[in-house]
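Have a look at the structure below, then the notes.
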Amino acid sequence: MNSIHLRQTLPQVFAERDAITSDVWHQDITFCKGKRYLIEAASGTGKSSLCSYIYGYRRDYQGIINFDERNIRSLSVDEWVEIRQHSLSILFQELRIFSELTTFENIQLKNRLTNYKKKKDILALFEVLGIADKTHEKAGKLSFGQQQRVAFIRSLCQPFDFIFLDEPISHLDDDNGGIMSRILTEEAEHQGAGVIVTSIGKHLQLEYDSVYKL
C-alpha cells in the first residue's frame, strides 16, 4: 500500500453541522508511504473515529477512503485480514489489551499471526522501554502507561506500510515518549513506512512532514 486517500470524508454524526472547519474532514487529503503525519485534535472532533474508519472497524462516514485508489468499502473480509497483517498496523487509544493475559502473551497473540519478530527482539523492546520485569505480569495489573508500551510493542510485531498511533504517549513521561519515538523512527525507516500520529496535546516527538488540525 502506497497511499491512504480521504476524499470529502466526514463522520455521519457531523453531517448536520452547518460548518466544518478542519484540515482533514471534508477535504481531499493523501497520506503517502514513507511520510510522517501529525493530526492534532480537540476532544469530540472525531479523532478516534478516523482511526476506526481507516482500520475498517466502522463505516458510519460520508465520502470516500481509498487505499491506493481502491475504495475500502469494497474490500472483502479476506482482503481486510491481509491488510491488517501486512500493510496497516494500529495502536488504538483504548489499547485493546487482554487484561487476563500476561504482557508477553498479549504480544504473542499478534506475533504468532505474523511471525515477524523473534522472541529475543521482543524481549529487547521490553528492556529498552523499561518494562522487562513485567513480561510475566498479568496485563491488567499494569498502569495505563505500562500498558501503552505493551500495545506499542504489539503494533511493531508485523510488517506494515502505514502505522497509525492514536494518542500513544498520553500517559508516558517525556523520557519514555522519547524512547518510543526513537524506536518508531527506526522501525518505520526500516520498513519504508508511513506514520500517522494523533494527539490532543502531547505527541510523539518526530520530524513530521505535515501537521493537520482535525
Side-chain angles (χ1 to χ4, degrees), residues 1 4 11 13 37 39 41 43-61 65 67 72 75 77-117 121-123 125-126 129-131 134-172 176-177 179-181 183-184 187-188 191 193-200 202-204 214:
M1 186 194 307
I4 299 172
V13 70
Y37 303 91
I39 299 175
S43 297
T45 54
K47 172 181 57 60
S48 294
S49 295
L50 177 63
C51 299
S52 296
Y53 298 156
I54 290 177
Y55 205 60
Y57 271 122
R58 290 173 51 188
R59 297 164 62 92
D60 55 322
Y61 62 88
I65 299 175
F67 293 164
I72 66 172
L75 294 170
V77 172
D78 288 343
E79 287 174 315
W80 273 116
V81 170
E82 178 72 15
I83 286 169
R84 290 170 183 164
Q85 286 187 355
H86 299 101
S87 296
L88 185 62
S89 184
I90 192 164
L91 197 170
F92 287 101
Q93 179 184 351
E94 66 273 22
L95 307 183
R96 305 193 180 186
I97 291 287
F98 293 98
S99 59
E100 71 277 12
L101 300 179
T102 68
T103 60
F104 193 74
E105 287 170 341
N106 270 276
I107 304 301
Q108 284 181 309
L109 281 177
K110 177 67 169 286
N111 200 57
R112 282 174 177 167
L113 293 173
T114 62
N115 294 313
Y116 186 69
K117 292 282 188 185
D121 297 323
I122 294 172
L123 293 177
L125 288 171
F126 271 88
L129 285 164
I131 50 173
K134 305 297 183 183
T135 53
H136 299 296
E137 188 103 25
K138 292 290 181 67
K141 293 184 178 180
L142 273 61
S143 70
F144 194 84
Q146 290 169 332
Q147 290 184 34
Q148 278 187 313
R149 281 171 270 176
V150 174
F152 174 66
I153 294 171
R154 184 184 59 190
S155 73
L156 301 182
C157 288
Q158 68 167 88
F160 53 81
D161 298 312
F162 288 90
I163 184 168
F164 209 123
L165 304 100
D166 188 8
E167 287 192 68
I169 59 169
S170 59
H171 288 68
L172 297 185
N176 278 303
I179 292 169
M180 187 181 288
S181 296
I183 294 170
L184 179 61
E187 186 71 30
Q191 300 205 43
V195 177
I196 306 171
V197 178
T198 73
S199 169
I200 59 171
K202 186 177 183 180
H203 59 263
L204 283 169
L214 189 61

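Since the structure is predicted, the reported quantities are computational estimates derived from the model, not experimental observations. We number each residue from 1, following the sequence as shown.
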> What pairs with Arg96 under salt bridge (Lys or Arg N to Asp or Glu O under 4.0 Å), at least two apart in sequence or on another chain?
Replying inline: Glu94

Taking C-beta and beyond as the side chain, do [X] and [Y] meet within less than 4.5 Å on heavy atoms?
| X | Y | result |
| --- | --- | --- |
| Leu142 | Ile97 | no |
| Ile153 | Ile131 | yes |
| Asn176 | Ile169 | no |
| Gln191 | Pro159 | yes |
| Leu165 | Leu184 | yes |
| Leu156 | Ile122 | no |

>> Tell me whether the rings of Phe92 and Tyr55 are parallel (<30°), tilted (30 to 60°) or perpendicular (>60°).
In response: perpendicular

> What is the ring orientation for Phe67 with Trp80, classed by angle as parallel under 30°, tilted 30 to 60°, or perpendicular over 60°?
Replying inline: perpendicular

Between the side chain of [X] and the main-chain N/O of [Y], is any donor-acceptor distance below 3.5 Å?
| X | Y | value |
| --- | --- | --- |
| Glu105 | Thr102 | yes |
| Thr103 | Thr135 | yes |
| Tyr53 | Asp60 | yes |
| Gln85 | Thr114 | no |

Rounded to the nearest 0.5 Å, what's the gap from [atom1] on [X] to [atom2] on [Y]? Could you check?
| X | Y | atom1 | atom2 | value |
| --- | --- | --- | --- | --- |
| Lys110 | Ser89 | NZ | OG | 4.5 Å |
| Ser99 | Asn106 | OG | CG | 8.5 Å |
| Ile65 | Ile4 | CD1 | CD1 | 9.0 Å |
| Leu88 | Ser155 | CG | OG | 11.0 Å |
| Thr198 | His203 | OG1 | NE2 | 11.5 Å |
| His86 | Met1 | NE2 | CE | 12.5 Å |

>> By the ring-ring contact (aromatic ring centres under 6.0 Å, His included) test, which pairs, at least two apart or in different chains, include something from residues 137-168?
In response: Phe144-His171

>> Filter on salt bridge (Lys or Arg N to Asp or Glu O under 4.0 Å), then keep only pairs touching residues 146-172, sequence neighbours left out; what's left?
In response: Lys33-Asp161, Lys47-Asp166, Lys47-Glu167

> Would Leu123 and Phe104 count as a side-chain contact (heavy atoms from CB on, under 4.5 Å) if you check the C-alpha gap in whole Å, the side-chain angles of each, and the deciding distance to 0.1 Å?
Replying inline: CA-CA 9 Å; Leu123 293 177; Phe104 193 74; 3.9 Å; yes

>> On a heavy-atom basis, which atom in Pro168 and which in Val197 lie closest, and how many Å separate them?
In response: CD-CG1, 4.1 Å

>> Evaluate Ile107 against Leu125 for side-chain contact (heavy atoms from CB on, under 4.5 Å), listing each step before the verdict.
In response: CA-CA 11 Å; Ile107 304 301; Leu125 288 171; over 6 Å; no

> Does the side-chain contact (heavy atoms from CB on, under 4.5 Å) test come out yes or no for Ile83 and Ile72, once each step is laid out?
Replying inline: CA-CA 11 Å; Ile83 286 169; Ile72 66 172; over 6 Å; no

